[in-house]
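Just below is one structure, and these are the notes that go with it.
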Amino acid sequence: MSGIFDGFEKRRGFLVCVDSDGCAMDTMDIKHTQCFGPCMVKEWGLGQWAGPILRRWDEINLYTMTRGVNRFKGLVIALGEIDRTYTPIEGLGELRSWTETSRELSNGALEQEIARGGGICLQKALHWSQEVNKAIAALPEEVKRPFPGALEGLEGIHKFADVAVVSSANRQAVLEEWEKYGLAAHVDLILAQDAGTKSACIAALLEKGYAPHHVLMVGDAPGDRSAAEKNGVYFYPILVRHEEESWKELTEKALPLLLAENYAAYGQEKARAFEANLNTPG
């Protein structure tokens, strides 16, 4: 991970970390509804139960408190329910064990585990993940767009704070999307799946000299909040189904409070709104 940070130095007193999919880029829903879920149904031959399985996949990964979970952890949750409700999933225990013990949950790490003798479920999970990446790459460019207000928000934030993308998505996809729509021009560093966990990325950024109460993690999922909490930094939620309003409030209210060192009470208020939003049926 150190090489990714080479050349990055603290320039301002404040740092804003921003997630990509579902936060700045309006790509999360379509990736799950058209790529992740359908590829799982195909990989495990679940077509006869496709309707309810796909609806449940979306609930797990988009609209409840497991939103934004790592793809392999989300897969284990879904396959566990499928195993109990529809049909046995061979080797599921081995995949679950890997997701609970591996230091890195990525295609590369899974390839290494398979090379050490991993069984059928690990092999199918890798093939599923590879097919998901292909399906995402094949999505029409016009559907991969930033949320309204994200570009303007980043531009405004960057006038007062250093900005780092902290994402668990595929690095190449993040680079292409952020450069295509001009978001990358307002960012100092892009950290993606290959840089490690979001928590580890924030910890490494803090080593550059930022005070924790001068750092804000902007995200749309509980994992973003958890990464912030583990490092003692603030969290601001981009609320699913309310993204444009969230970006507007970020620049008009959240950022000024951060810069004034008066964010704590407001952050608690936003945390309650975040949980309520993900616990409210769509």
Side-chain angles (χ1 to χ4, degrees), residues 1-6 8-10 14-25 28 60-62 64-77 96-110 112-113 129 157 161-171 173-175 178 187-240 246 250 254 258 263-264 267-268 270-271 274-275 278:
M1 186 167 70
S2 60
I4 298 174
F5 286 84
D6 290 349
F8 174 76
E9 297 296 338
K10 174 176 173 285
F14 292 83
L15 172 68
V16 176
C17 303
V18 184
D19 181 38
S20 184
D21 286 11
C23 178
M25 295 297 300
M28 191 165 172
I60 292 166
N61 291 280
L62 295 173
T64 58
M65 288 298 290
T66 47
R67 174 181 171 87
V69 69
N70 172 275
R71 64 172 63 184
F72 295 110
K73 286 184 175 290
L75 180 65
V76 165
I77 294 171
R96 178 180 288 112
S97 178
W98 176 74
T99 64
E100 292 171 349
T101 59
S102 177
R103 295 181 61 183
E104 179 183 330
L105 298 179
S106 67
N107 285 5
L110 187 49
Q112 294 175 13
E113 187 70 13
S129 185
I157 292 166
D162 294 337
V163 178
V165 178
V166 178
S167 168
S168 59
N170 176 276
R171 180 174 183 80
V174 174
L175 289 171
W178 282 64
V187 166
D188 300 292
L189 180 66
I190 293 180
L191 303 171
Q193 187 182 74
D194 58 327
T197 66
K198 291 178 180 180
S199 178
C201 287
I202 294 173
L205 287 166
L206 286 172
E207 292 178 2
K208 296 293 183 177
Y210 299 100
H213 67 288
H214 285 183
V215 178
L216 182 66
M217 176 68 203
V218 179
D220 61 287
D224 301 315
R225 183 177 65 174
S226 176
E229 290 175 343
K230 287 178 182 177
N231 287 283
V233 307
Y234 291 128
F235 171 67
Y236 177 84
I238 300 295
L239 302 180
V240 61
S246 296
L250 171 59
L258 178 72
Y263 189 87
Q268 293 175 357
K270 295 306 294 183
F274 173 65
E275 291 190 9
L278 284 180

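In this chain, residues are counted from 1 in sequence order.
When side chains are defined from C-beta on, Trp98 counts as touching Leu105, because their heavy atoms get closer than 4.5 Å. Taking the side chain as every heavy atom from C-beta outward, Ser129 and Arg71 approach each other to under 4.5 Å. Residues Leu15 and Leu206 form no side-chain contact, since every pair of their non-hydrogen atoms from C-beta on lies 4.5 Å or further apart. Looking at Leu205 and Leu189, their side chains come closer than 4.5 Å, going by heavy atoms from C-beta outward.
Remark: Asp188 engages Arg11, His158 in a side chain to side chain donor-acceptor pair (under 3.5 Å) (not counting sequence neighbours). Partners of Arg225 under the side chain to side chain contact (heavy atoms under 4.5 Å, CB included) rule, at least two apart in sequence or in another chain, are Met65, Glu229, Phe235, Ala271, Phe274, Glu275. Partners of Lys270 according to the salt bridge (charged side-chain N to carboxylate O under 4.0 Å, His left out) rule, which considers only residues two or more places apart in sequence or in another chain, are Glu249. Checked against side chain to side chain contact (heavy atoms under 4.5 Å, CB included), Ala254 has the following partners two or more places apart in sequence or in another chain: Tyr236, Leu250, Tyr263, Tyr266. With sequence neighbours excluded, the residues that form a side chain to side chain contact (heavy atoms under 4.5 Å, CB included) with Glu104 are Ser106, Ala109. With sequence neighbours excluded, the residues that form a side chain to side chain donor-acceptor pair (under 3.5 Å) with Ser20 are Trp178. Residues that satisfy the side chain to side chain donor-acceptor pair (under 3.5 Å) test with Gln193, not counting sequence neighbours, are absent from this structure. With sequence neighbours left out, Thr64 forms a side chain to side chain contact (heavy atoms under 4.5 Å, CB included) with Thr66. Judged as a salt bridge (charged side-chain N to carboxylate O under 4.0 Å, His left out), and not counting sequence neighbours, the contacts of Arg67 are Asp220.
Considering every non-hydrogen atom in both Val174 and Ala192, the closest pair reads CG2-CB, 4.5 Å. Residues Leu278 and Pro222 come closest through the heavy atom pair CD1-CD, 3.9 Å.
The ring pair (Phe, Tyr, Trp, His ring centres under 6.0 Å) analysis of residues 199-224, with sequence neighbours excluded, yields the pairs Phe14-His214. Pairs engaging residues 197-210 under the salt bridge (Lys or Arg N to Asp or Glu O under 4.0 Å) rule: Asp19-Lys198, Lys198-Asp224 [sequence neighbours left out].
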Query raised in the report: Passes side-chain contact (heavy atoms from CB on, under 4.5 Å), Val240 versus Leu62? Steps please.
Result: CA-CA 8 Å; Val240 61; Leu62 295 173; over 6 Å; no
Requested in this report: Test Val233 against Leu216 for side-chain contact (heavy atoms from CB on, under 4.5 Å), laying out the working first.
Outcome: CA-CA 6 Å; Val233 307; Leu216 182 66; over 6 Å; no
Requested in this report: Would you check, one step at a time, whether the test side-chain contact (heavy atoms from CB on, under 4.5 Å) holds for Leu191 with Phe8?
Outcome: CA-CA 11 Å; Leu191 303 171; Phe8 174 76; over 6 Å; no
Query - Working for side-chain contact (heavy atoms from CB on, under 4.5 Å), residues Ile238 and Val218 - result: CA-CA 7 Å; Ile238 300 295; Val218 179; 3.7 Å; yes
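Just one residue in the list Ser199, Cys17, Cys23 forms a side-chain contact (heavy atoms from CB on, under 4.5 Å) with Val166, and that residue is Cys17.
Side chain of Asp21 to backbone of Ala169: no donor-acceptor contact under 3.5 angstrom is found.
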